[in-house]
Structure formats: structure tokens, C-alpha cells
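All ligand and atom numbering here is 1-based and tracks the order in the structure.
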Amino acid sequence: MESLGDIRSEALAAVQAAADLASLEATRVAALGRNGRITGLMKTLGTLDPSERKAAGARFNALKDEVAAAIEARRTALEDGARAGRLESERIDISLPARLESSGSIHPVSQTIDEICAIFGEMGFVWADGPDIEDDWHNFTALNIPPDHPARQMQDTFYLPPRADGTPTVLRTHTSPVQARTMLQPEVQKMLKDGGSLRVIVPGRTFRRDSDMTHSPMFQQVEGLVIDRATHMGHLKGCLTDFCRAYFEIDDLPLRFRPSYFPFTEPSAEVDIGCSWTGGELKIGAGDSWLEILGSGMVHPNVLRNCGIDPEIYQGFAFGMGLERIAMLKNGIPDLRTFYESDLRWLRHYGFAALDVPSLTGGLGR
Ligand code: 2NL
């Protein structure tokens with residue numbers, strides 16, 4: 001029989017020699033596993049003379065406990081060593097300067113929509129929207145645009161395949177079909193009947209077959225509509241004057257209402273704001289030049305009728321503007337095409353701070 005002392009010293013030496021957790025486990029199996037040397041010793045107890053069995057059992061157990069304790073101590077030492085090694089190798093130099101976070105910014109189109117909605121919101125307008133794909137009736141017919149009108153021609157409008165029932169469809173060429181859909185809502189008609197006023201502001205994408213220096217096939221418009229029993233041309237002038245002065249943040253901005261023509265309004269007026277050109281540079285405000293900003297007019301009786309509203313009882317005004325154009329004028333952006341190039345340097349230059357939501361009291365366009 002092997003000497004107990006040899007088994008002990010060899011097992012303890014193997015434990016101390018284990019260089020990692022895997023070889024320590026191999027050592028444990030060799031000594032204390034099912035076929036280990038110390039387990040083997042335990043199995044010999046039955047062969048011993050009963051008079052020796054108790055003392056031998058006590059010595060074997062003491063040896064087993066000693067080796068098990070040595071294994072645990074070695075395991076702790078190996079684990080501590082591994083942790084110390086990781087702490088050393090994964091050391092972070094907290095004295096290095098932090099990497100800059102890049103923060104996003106609000107696109108000038110979004111900012112302009114927010115500013116315009118903030119201004120009209122203060123005047124009691126509510127936001128409305130509708131589908132980009134429209135049927136011919138809502139985009140043209142409802143708006144008193146006759147069948148032979150040039151705007152309906154293939155070279156100006158993106159025509160899409162007709163619906164299953166044969167209805168012609170288009171990409172909307174203006175946001176006006178949204179106002180038509182709004183007027184047709186039974187809740188809106190009831191609200192008007194009950195003496196209320198309809199005031200909607202409608203920003204959104206519009207599409208025309210145009211692409212050059214100053215035209216993009218997709219562009220944004222903002223239109224507005226007011227309907228009730230009493231609204232007249234004076235309200236149109238006051239509302240659009242207040243809007244232009246608030247948007248450009250110039251209290252005494254001069255305005256000019258110039259007679260014009262739209263199929264959906266009668267009478268119609270275009271709105272110009274005063275400006276000057278000094279040294280080739282545009283300055284909005286007092287001056288001897290005018291810049292066209294908006295189209296507007298009193299809603300044509302045919303449009304009201306088409307939208308289920310009796311023109312003998314109700315009337316109102318409407319207006320529309322090209323969003324990129326007024327964003328360019330306010331923010332000094334020279335080229336319309338840059339709006340949709342998704343150039344991050346452009347966006348960093350012309351973009352607006354996120355969470356700085358425009359309001360009339362908080363400063364519109366900081
Ligand atoms: C422009 C001119 C305008 C309207 C849009 C409108 C809508 C309805 C009824 C009557 Cl539902 N009018 N919209 C009226 C006048 C002018 O837009 O230059 N837009 C860029």
C-alpha cells in the first residue's frame with residue numbers, strides 16, 4: 001500500500017503546481033474524483049481489520065479534508081490572479097479627453113413647419129393632413145380646376161395607375177385636397193352649423209413634374225383655410241400681415257396685397273413683403289423692392305359647394321405658400337436643391353437645435 005504521507009505530499013504538490021483553473025480541476029479529479037487516489041483509499045477501509053478501521057477512517061478523512069481545503073485555497077488564488085490580470089490589462093486611462101458626442105439637428109424644413117404652425121396655432125388654427133396619393137376629384141375637380149386646365153396636364157402632374165374602380169389618381173400637386181377633405185367631414189359641417197369657425201393649417205409634401213435650379217419634383221407647401229359666416233377679406237389681410245411679421249420677426253414689415261388669380265379663390269391676392277437689395281445682398285424689411293411670399297383669396301363659391309358648404313351662408317379665406325422658399329428667405333439658404341441632398345455638413349450649418357421648440361413667447365427661430 002502506498003504511504004499516506006506520499007499520497008498527501010504528491011496531492012498537495014500537484015495542487016500548488018496547477019497553473020490555471022482547468023489543471024486544478026484535473027488535480028481535484030485525480031485525488032478526490034470517483035476514481036481518485038484518496039477516494040481509492042476510502043474504498044480500502046472495508047478490507048481493514050475492524051480494530052484499525054476507525055483510526056484509519058479518521059486519518060483518510062483528515063487527508064481528504066486537507067486536500068479539499070488546499071484545492072479551494074488554490075482556486076481562490078487562481079481566481080484572484082485572473083481578476084488582477086484583467087484589471088491590469090483592461091485599465092482605462094481616465095485622464096484622456098472624452099470623445100465628443102455628435103448631436104443631431106432639426107432640418108430647416110421641419111423647423112419652418114414648426115415655426116409656421118406655432119404662429120397659426122396662436123391664432124386658433126389646428127393642424128390637418130391627408131394622403132400624398134390623391135384622386136383626381138380631390139386634387140382638381142373639388143378645387144374648381146376645370147378639366148382643360150394646364151395644371152392637369154401629364155407634363156405637370158405625376159399620374160399614377162387608376163384605382164380598381166377606374167378613379168384616376170395623382171401625387172397631390174398641392175395640399176388643398178386636405179382642406180377639401182376637412183370641409184367634407186360631417187363633424188366639421190355640424191360644427192359650422194352650430195356657429196363655429198373652421199381654421200386649419202396644412203403643411204405637407206407636394207409633387208410636380210419640375211426639376212431645375214429653383215424647382216424640385218417634391219417640395220413642401222403650407223396652406224391654410226378659414227370658414228365661418230362672418231370672415232371677410234379684412235380678416236385675410238390682418239391674419240396674413242400678422243403671420244408675415246411674426247415669421248420674419250420684423251414688427252413693421254411692409255406688406256403689399258396684389259390682385260391675382262387662382263381657380264379656387266375669388267377675389268385672389270398675392271402677398272409681397274418689402275425688401276432691399278444692397279450690394280447684391282437681400283435684406284427683408286423696409287426698402288424699395290418687393291418679394292412674393294404667399295398666394296391667397298376668398299374661397300370660391302364653387303369650392304365651398306363642391307365640399308358640401310352653402311356659399312350663401314358661409315365664406316372664408318385660404319392661402320398657400322412654398323415652404324422651402326420662405327425657409328430660404330429667412331435663413332439665407334441660397335440653393336433650393338440643397339434641401340434634399342442630405343449633406344450632413346449643410347445640415348450642421350443650417351440645422352436647428354433639437355428640443356428648442358418654436359413658440360411666439362419663447363422666440364421663434366433661435
Ligand atoms: C400659392 C397659392 C393658394 C389656396 C392656395 C385654397 C384651398 C382651398 C380653397 C381655396 Cl381648399 N384655396 N388654397 C388659395 C390661394 C392660394 O396657394 O402660391 N401656393 C404656393
Side-chain angles (χ1 to χ4, degrees), residues 109 112-113 116 120 125-131 134-135 137-146 149-151 156-157 172-185 188-189 192 197-208 210 214-216 218-228 231-233 235-237 239-240 243-244 247 256-273 290-309 311 314-329 336:
V109 165
T112 306
I113 290 174
I116 293 170
F120 284 105
F125 286 69
V126 296
W127 171 90
D129 79 349
E134 266 298 355
D135 51 67
W137 190 86
H138 286 95
N139 194 76
F140 294 124
T141 311
L143 295 155
N144 197 40
I145 298 172
H149 195 277
D156 295 326
T157 301
R172 69 180 181 197
T173 59
H174 42 193
T175 54
S176 318
V178 179
Q179 292 95 284
R181 288 178 180 281
T182 305
M183 287 187 272
L184 283 161
Q185 284 173 20
V188 168
Q189 306 214 344
L192 287 175
S197 296
L198 174 65
R199 297 194 189 102
V200 282
I201 187 78
V202 186
R205 293 173 191 281
T206 55
F207 307 84
R208 290 184 200 173
D210 251 340
T214 52
H215 296 89
S216 141
M218 189 284 293
F219 59 102
Q220 310 259 346
Q221 260 200 344
V222 181
E223 287 192 53
L225 174 71
V226 176
I227 306 277
D228 58 23
T231 293
H232 54 65
M233 194 85 184
H235 297 111
L236 178 158
K237 290 188 72 177
C239 174
L240 296 180
F243 163 71
C244 290
Y247 177 74
R256 179 171 80 170
F257 288 79
R258 182 166 39 80
S260 184
Y261 173 80
F262 301 106
F264 23 84
T265 46
E266 181 61 34
S268 306
E270 280 174 294
V271 183
D272 301 334
I273 57 173
W290 296 99
L291 262 180
E292 187 185 317
I293 288 296
L294 293 147
S296 66
M298 299 305 293
V299 179
H300 196 290
N302 289 347
V303 175
L304 292 172
R305 235 186 318 270
N306 291 338
C307 296
I309 292 175
Y314 303 99
Q315 57 189 4
F317 66 86
F319 55 89
M321 62 193 116
L323 193 126
E324 293 87 351
R325 179 177 156 77
I326 73 157
M328 287 165 76
L329 290 171
L336 177 116

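- By the criterion of a heavy-atom distance under 4.0 Å, the side chain of Q221, and not its backbone, is placed next to ligand 1.
- Side-chain atoms of N306 come within 3.5 Å of backbone atoms of A142 as a donor-acceptor pair (strictly under, hydrogens ignored).
- Near L143, with a cut-off below 4.0 Å to any heavy atom, the atoms of ligand 1 are 8 (C), 11 (Cl).
- The protein heavy atom nearest to atom 12 (N) of ligand 1 is A318 CB, 3.2 Å.
- Ring centroid separation for the pair F125 and F243 does not come in under the 6.0 Å cut-off.
- Scanning for salt bridge (charged side-chain N to carboxylate O under 4.0 Å, His left out) contacts around R199 gives an empty result, with sequence neighbours left out.
- Here F262 has side-chain heavy atoms under 4.0 Å from ligand 1, and that is the only part of it that gets that close.
- Note: no N/O pair closer than 3.5 Å links Q179 and ligand 1 by distance alone.
- Proximity to T265 (heavy-atom distance under 4.0 Å) selects the following atoms of ligand 1: 10 (C), 12 (N), 14 (C), 15 (C).
- Heavy-atom proximity to G320, at under 4.0 Å, picks out these atoms of ligand 1: 1 (C), 2 (C), 3 (C), 5 (C), 16 (C), 17 (O), 18 (O), 19 (N), 20 (C).
- No part of L225 comes within 4.0 Å of ligand 1, judged by heavy-atom distances.
- Near M183, with a cut-off below 4.0 Å to any heavy atom, the atoms of ligand 1 are 11 (Cl).
- Close contacts of ligand 1 with E223, meaning ligand atoms under 4.0 Å from a residue heavy atom, involve 4 (C), 5 (C), 6 (C), 7 (C), 13 (N).
- None of R172, Q221, H138 except one satisfies the side chain to side chain contact (heavy atoms under 4.5 Å, CB included) rule with V178; the exception is R172.
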Would you list the atom pairs, donor with acceptor, under 3.5 Å between side chains in residues 263-270 and any protein atom, with sequence neighbours excluded?
unit_1	atom_1	unit_2	atom_2	d
T265	OG1	S268	OG	2.6
S268	OG	F262	N	3.4
S268	OG	T265	O	3.0
E270	OE1	R258	NH1	3.4
E270	OE1	S260	OG	2.9

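- Short contacts between ligand 1 and M321, defined as distances under 4.0 Å to a heavy atom of the residue, involve ligand atoms 19 (N), 20 (C).
- The proximity of S268 to ligand 1, defined as any non-hydrogen pair under 4.0 Å, does not occur for either the backbone or the side chain.
- A salt bridge links R181 with E134: the closest approach of a Lys/Arg side-chain nitrogen to an acidic carboxylate oxygen falls below 4.0 angstrom.
- Under the 3.5 Å distance criterion, the side-chain polar atoms of N139 are left unmatched by any main-chain donor or acceptor of P177.
- Panel note: side chain T231, backbone I227; no donor-acceptor pair is recorded below 3.5 Å.
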